[in-house]
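The block underneath contains the structure these notes are about, expressed in structure tokens.
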Amino acid sequence: MQMSYAIRCAFYQLLLAALMLVAMLQLLYLSLLSGMHGQEEQDQYFEFFPPSPRSVDQVKAQLRTALASGGVLDASGDYRVYRGLLKTTMDPNDVILATHASVDNLLHLSGLLERWEGPLSVSVFAATKEEAQLATVLTYALSSHCPDMRARVAMHLVCPSRYEAAVPDPREPGEFALLRSCQEVFDKLARVAQPGINYALGTNVSYPNNLLRNLAREGANYALVIDIDMVPSEGLWRGLREMLDQSKQWAGTALVVPAFEIRRARRMPTNKNELLQLYQVGEVRPFYYGLCTPCQATTNYSRWVNLPEETLLRPAYVVPWQDPWEPFYVAGGKVPTFDERFRQYGFNRISQACELHVAGFDFEVLNEGFLVHKGFKEALKFHPQKEAENQHNKILYRQFKQELKAKYPDSSRHC
């Protein structure tokens with residue numbers, strides 16, 4: 001009997017020791033996990049044990065802090081900038097989708113949240129005091145009811161320097177105080193929004209597109225900068241992450257994402273096969289086809305549509321930059337900023353692509369990923385003051401190209 005009792009005690013002691021060993025190994029694994037160089041192991045772990053999202057109260061506190069700062073003036077003194085109305089935690093090696101919009105066009109953000117699985121950064125322009133108030137109320141409502149906004153979106157606000165944005169009263173405007181879900185917020189925005197024709201804001205204030213672009217990609221290593229009414233192909237973020245994680249050879253390379261536009265935006269193509277079917281019947285065409293064909297022609301669409309089908313995202317071919325090509329691309333490292341003197345319409349993206357070329361970046365077109373703009377861009381539907389704005393920016397672009405020669409004296413490239 002005593003021997004049987006001793007055996008049982010020894011068994012329980014051994015079992016307890018084994019359980020303690022397992023617990024210690026788990027703690028050791030978790031401590032090692034935080035310092036792992038392998039991103040794949042961390043991703044697999046957090047897929048089952050995701051980090052706790054920020055609370056609604058934390059996000060609202062951030063919004064109040066950002067607005068209470070009073071903002072800062074941009075270099076020109078014409079605009080007031082509020083950084084970080086919403087903030088998100090980003091892996092420094094992640095690919096951020098950076099975009100910009102007027103308040104009325106924020107309704108497109110819902111579609112981007114569905115397609116882009118990674119972090120987003122949005123710069124919002126409010127042309128009037130009333131729009132600035134609406135922007136803060138919208139941010140308040142979206143942060144309250146949209147978990148994806150709290151987890152993945154950074155949001156910034158820009159308004160004319162003579163205005164200051166205020167901390168929103170949750171009771172004003174009353175309609176937004178009654179909303180109870182993320183979808184209700186976007187539905188309400190769709191009802192109150194009054195989208196203009198491109199940058200026609202109904203005021204004498206110029207839309208500061210390049211200031212907004214710089215603000216949205218600020219602090220990011222790799223960024224894809226697009227307009228908010230464009231939609232990426234499904235899985236583009238994941239494909240880019242996998243490709244960039246597998247190799248460090250992309251420094252000094254702009255990975256071009258071909259851009260298209262679709263006649264009707266009721267159903268956006270998710271993959272290349274769906275896109276090509278619409279392309280063949282004329283429902284999809286190259287971006288800017290009806291406005292500025294040379295602005296995108298260097299992408300070489302005829303070559304791209306005839307590439308063999310592949311599973312993995314990769315660069316398919318190299319193209320030398322030619323004026324006036326303005327591709328959408330992903331690049332890391334010392335990417336030149338957008339020149340903020342360009343506002344409204346004309347030469348705002350071409351100028352940055354030109355400097356990218358002079359700075360030594362090469363352009364490689366991706367095989368599978370793409371962007372689609374909602375609707376065909378037609379000359380007759382474009383901004384009514386296009387010619388006056390275009391003429392001003394055309395003169396500025398000539399000056400800009402001369403400045404690049406002094407900025408990059410050792411470069412053999414020019415625009």
Side-chain angles (χ1 to χ4, degrees), residues 59-90 96-106 108-109 112 119-143 149-150 152-168 196 198-199 201-221 223-228 335-345 348-349 351-352 355 389 393 396 400:
V59 174
K60 289 179 179 177
Q62 170 60 37
L63 172 61
R64 294 189 192 99
T65 300
L67 292 172
S69 71
V72 295
L73 298 183
D74 77 319
S76 72
D78 294 337
Y79 301 98
R80 188 177 301 276
V81 177
Y82 293 88
R83 287 178 171 84
L85 297 190
L86 293 180
K87 287 186 176 181
T88 184
T89 303
M90 286 187 296
I96 188 170
L97 186 72
T99 189
H100 58 97
S102 60
V103 176
D104 287 322
N105 282 318
L106 268 178
H108 294 291
L109 183 57
L112 288 180
L120 295 92
S121 180
V122 186
S123 296
V124 182
F125 181 62
T128 65
K129 188 174 182 179
E130 292 73 24
E131 284 188 2
Q133 174 67 6
L134 178 57
T136 59
V137 171
L138 272 172
T139 305
Y140 190 91
L142 290 168
S143 65
M149 289 286 296
R150 295 195 296 272
R152 296 196 286 127
V153 177
M155 186 172 286
H156 318 280
L157 176 65
V158 176
C159 59
S161 57
R162 60 182 177 274
Y163 302 134
E164 287 193 28
V167 177
N198 294 288
Y199 304 140
L201 299 173
T203 70
N204 59 356
V205 178
S206 295
Y207 185 85
N209 35 34
N210 279 357
L211 168 61
L212 296 168
R213 289 180 177 119
N214 286 336
L215 186 59
R217 78 177 311 280
E218 196 173 78
N221 185 11
L224 173 59
V225 182
I226 67 171
D227 297 336
I228 202 167
V335 178
T337 58
F338 292 86
D339 191 306
E340 296 176 7
R341 293 174 296 176
F342 291 92
R343 302 173 184 176
Q344 290 285 112
Y345 172 76
N348 48 80
R349 286 197 307 109
S351 55
Q352 198 262 356
E355 182 170 358
E389 296 159 358
N393 285 348
L396 179 58
F400 175 83

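The residues of the chain are indexed from 1 along the displayed sequence.
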Please examine the side chains of R343 and L396, heavy atoms only from C-beta on, and report whether any two atoms are closer than 4.5 Å. no
Can you name the nearest heavy-atom pair linking L85 to Q62, along with the distance? O-CG, 3.9 Å
Working note: E130 + V103, criterion side-chain contact (heavy atoms from CB on, under 4.5 Å); need CA distance, chi angles, decisive distance, verdict. CA-CA 10 Å; E130 292 73 24; V103 176; over 6 Å; no
Side chain to side chain, M155 and L63, heavy atoms closer than 4.5 Å: no
Answer yes or no: is there a side-chain heavy-atom contact under 4.5 Å between T88 and V153? no
Of the non-hydrogen atoms in V158 and L211, which two are nearest, and what is the gap between them? CG1-CD2, 4.0 Å
Do you know which two heavy atoms are closest between R150 and S143, and how far apart they sit? NH1-O, 2.8 Å
Rounded to the nearest 0.5 Å, how far apart are CG of L134 and CG of L106? 8.5 Å
With sequence neighbours excluded, tell me which residues meet side-chain contact (heavy atoms from CB on, under 4.5 Å) with Y163. K129, C159, P160
D74 side chain to S76 side chain, donor-acceptor N/O pair below 3.5 angstrom: yes
Is L109 close to L120 at the side-chain level, that is, under 4.5 Å between some pair of heavy atoms? yes
Do R83 and E218 touch side chain to side chain, with heavy atoms closer than 4.5 Å? yes
Could you give the distance from CE (M149) to CG (L138), rounded to the nearest 0.5 Å? 9.0 Å
Yes or no on side-chain contact (heavy atoms from CB on, under 4.5 Å) for N209 and F338, after CA distance, side-chain angles and deciding distance? CA-CA 9 Å; N209 35 34; F338 292 86; over 6 Å; no
State, yes or no, whether a side-chain contact exists between F125 and S206 at a heavy-atom distance under 4.5 Å. no
Could you check whether any side-chain heavy atom of Y207 comes within less than 4.5 Å of a side-chain heavy atom of L212, counting everything from C-beta outward? yes
What heavy-atom pair brings I226 and H100 nearest, and what distance separates the two atoms? O-CD2, 3.9 Å
How close do S121 and H156 get, heavy atom to heavy atom, and via which atoms? OG-NE2, 3.4 Å
Heavy-atom closest pair (T337 atom, N214 atom, distance to 0.1 Å) is CB-OD1, 3.5 Å
So, using side-chain contact (heavy atoms from CB on, under 4.5 Å) as the criterion, who are the partners of N221 when residues are at least two apart? N93
Is any NZ, NE, NH1 or NH2 atom of the basic residue among R213 and D227 found under 4.0 Å from an Asp or Glu carboxylate oxygen of the other? yes
Do L73 and R80 pass the side-chain contact (heavy atoms from CB on, under 4.5 Å) test, and can you show the C-alpha distance, the side-chain angles, and the key distance before you say yes or no? CA-CA 5 Å; L73 298 183; R80 188 177 301 276; 4.2 Å; yes
Exam field: side chain E340 to backbone P208, donor-acceptor pair closer than 3.5 Å: no
Would you mind reporting whether T136 and Y82 have side-chain heavy atoms less than 4.5 Å apart? no
Under the criterion side-chain contact (heavy atoms from CB on, under 4.5 Å), I'd like the reasoning laid out for R341 against N210: C-alpha separation, chi angles, the key distance, then a yes or no. CA-CA 8 Å; R341 293 174 296 176; N210 279 357; over 6 Å; no
